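First the structure, in the form of structure tokens, and then the observations on it.
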Amino acid sequence: MKLGFVSAILGDLSFEEMIDFASEQSYECVEVACWPKGKAERRYAGVTHIDIDDLSEEKVEYIKNYIKERGIEISALGYYPNTLDPDLEKRAVYVEHIKKLIVGARKLGVNTITTFIGRVPNKTIEENLSIVKEVWPEIIKVAEENDVKIAIENCPMLFTNDEWPGGQNLMTTPAIWRKVFEILPSKNLGINYDPSHFVWQHIDYIKPLYEFKDKIFHVHYKDIKVYKDKLDDVGIMATPLQYMSPKLPGLGDVDWGKYVSALTDIGYTGYTCIEVEDKAFEGSLEEVKKSVIISKRYMSQFVI
């Protein structure tokens with residue numbers, strides 16, 4: 001396994017500055033944020049370390065040479081919109097950018113993109129599965145034509161009132177994974193596995209690794225701390241940030257020894273990336289950098 005981080009947390013840095021920092025800290029890889037240029041309202045969204053709309057042959061060679069000289073690999077190109085957005089104009093924009101991301105990945109010699117499958121928040125799982133059947137086959141086709149894997153993160157995207165009640169990402173549980181893989185039976189569609197999202201859903205985050213071992217294309221290391229006193233006060237039907245908080249690896253409730261041990265059990269040898277969303281380390285760029293350094297120091301006891 002190779003250890004890296006998700007570049008979105010370093011959105012204030014240029015591509016070169018971000019890669020230089022990764023190299024200086026002896027990281028091996030980076031999941032590079034590739035949102036369309038422009039402002040995003042959501043935290044950690046809208047970061048553009050590689051502009052997919054500006055991938056000339058010269059730019060591609062520049063990026064390849066830059067990361068090679070600094071000993072960094074790109075684990076995946078990341079972009080996390082709601083591809084099932086009920087606003088059809090927005091949906092079309094998101095889907096088109098994912099297609100561009102897939103083609104861009106092939107040009108850059110990157111074999112994976114990371115994203116969400118999307119969800120219409122006020123529709124049922126069954127209704128959303130029907131929409132997945134309509135929207136995703138054309139995306140899968142582009143991935144298959146370009147020999148690029150799509151790794152769907154298992155984050156419910158259910159953190160704010162506007163995302164209530166269903167969230168903005170359907171692939172949140174093993175039961176739903178089975179249904180999606182049944183209707184989209186492609187070797188190019190798999191999982192970007194983040195154990196933290198199972199913690200606050202009260203789902204076993206170890207067991208699914210074994211069942212879905214052939215579908216795990218990319219791995220995130222993010223921790224979650226559930227505050228039992230707050231949960232007792234608001235209950236599991238509350239928006240999750242009322243009773244839990246993302247934390248650096250080692251500062252939350254994930255047992256990282258058990259998690260990485262299970263990854264070795266299933267023979268996973270791919271990319272693993274620390275994802276930082278810990279508000280305690282967002283006061284300044286220096287604090288953000290410190291969080292990435294601390295996270296590597298902790299995870300290096302399991303992944304060398």
Side-chain angles (χ1 to χ4, degrees), residues 2-40 42 44-81 83 90 92-116 138-153 188-190 192 217-218 220 270-276 285 288-289 292 296:
K2 294 185 177 181
L3 183 59
F5 63 85
V6 181
S7 80
I9 193 63
L10 294 173
D12 291 336
L13 300 185
S14 67
F15 169 78
E16 290 83 359
E17 290 170 335
M18 181 271 295
I19 293 295
D20 288 349
F21 176 72
S23 180
E24 290 163 5
Q25 300 306 320
S26 300
Y27 274 98
E28 297 169 285
C29 61
V30 176
E31 177 188 328
V32 180
C34 297
W35 289 72
K37 287 263 186 176
K39 182 175 174 58
R42 202 176 83 220
Y44 316 114
V47 177
T48 312
H49 280 129
I50 293 179
D51 184 359
I52 293 300
D53 292 317
D54 180 29
L55 272 188
S56 62
E57 290 184 14
E58 293 77 15
K59 188 69 171 181
V60 167
E61 286 307 305
Y62 172 79
I63 292 170
K64 285 182 175 180
N65 290 333
Y66 200 91
I67 61 174
K68 183 178 181 180
E69 289 170 1
R70 285 150 185 81
I72 299 294
E73 297 179 28
I74 296 176
S75 69
L77 303 184
Y79 170 54
Y80 295 86
T83 58
K90 289 183 179 178
V93 170
Y94 300 153
V95 169
E96 188 61 29
H97 192 73
I98 286 183
K99 291 178 182 177
K100 290 180 183 179
L101 203 67
I102 293 167
V103 174
R106 176 184 56 77
K107 291 179 179 178
L108 289 165
V110 177
N111 71 356
T112 304
I113 71 156
T114 47
T115 190
F116 295 142
E138 63 177 291
I139 301 173
I140 299 293
K141 182 180 179 182
V142 176
E144 291 174 344
E145 290 172 347
N146 286 273
D147 195 23
V148 170
K149 294 181 177 180
I150 301 172
I152 305 293
E153 187 180 348
N188 291 71
L189 182 67
N192 182 17
F217 294 167
H218 198 270
H220 274 180
Y271 296 107
T272 65
C273 289
I274 293 162
E275 184 179 22
V276 175
L285 177 58
V288 170
K289 286 184 173 181
V292 180
K296 181 177 187 294

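As the structure is a computational prediction, the values presented were derived from the model and not from experiment.
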Contact check, side chains of Glu153 and Glu275, non-hydrogen atoms, under 4.5 Å: yes
Polar side chain donor-acceptor pair, Glu73 to Tyr271, under 3.5 angstrom: yes
Residue pair Phe116 / Thr83: nearest heavy atoms and the distance that separates them: O-OG1, 4.0 Å
Spacing of Ile139 atom CD1 and Glu96 atom CD [to the nearest 0.5 Å]: 10.0 Å
Heavy-atom closest contact (Ile98 atom, Tyr79 atom, distance): CG1-CD2, 3.7 Å
Pair Thr114-His218, side-chain donor/acceptor within less than 3.5 Å: no
Where Leu77 and Gly104 come nearest, the two heavy atoms and their spacing: CD1-C, 4.1 Å
Donor-acceptor under 3.5 Å (Glu17 side chain, Ser14 main chain): yes
Mutual orientation of the aromatic rings belonging to Tyr66 and Phe15 [parallel < 30°, tilted 30-60°, perpendicular > 60°]: tilted
Side chain to side chain, Val288 and Val276, heavy atoms closer than 4.5 Å: no
Smallest separation among heavy atoms of Gly78 and Leu101, with atom names: C-CD2, 4.4 Å
side-chain contact (heavy atoms from CB on, under 4.5 Å), paired with Ile63, selected from Ile19, Leu55, Val32: Leu55
Any side-chain heavy-atom pair of Ile152 and Asn192 under 4.5 Å: no
Heavy-atom check, side chain of Cys34 versus side chain of Thr48, under 4.5 Å: no
Nearest non-hydrogen partners of Cys29 and Thr272, listed with the distance: SG-O, 4.3 Å
Asp53/Lys37 salt bridge by N-O under 4.0 Å criterion: no
Minimum-distance pair of heavy atoms, taken over all atoms of Glu28 and Lys2: OE1-CA, 3.4 Å
Passing candidate, side-chain contact (heavy atoms from CB on, under 4.5 Å) with Val148, options Ile113, Asn111, Val110, Thr112: Ile113
Val30 and Val6, any side-chain heavy atoms less than 4.5 Å apart: no
Contact check, side chains of Leu3 and Ile274, non-hydrogen atoms, under 4.5 Å: yes
side-chain contact (heavy atoms from CB on, under 4.5 Å) assessment of Arg70 paired with Asp20: CA-CA 7 Å; Arg70 285 150 185 81; Asp20 288 349; 2.7 Å; yes
Parallel, tilted or perpendicular: ring planes of Phe5 versus Phe21, cut at 30 and 60 degrees: perpendicular
Salt bridge present between Lys107 and Glu57 (N-O < 4.0 angstrom): no
Note, His49 side chain near Val47 side chain (heavy atom, < 4.5 Å): yes
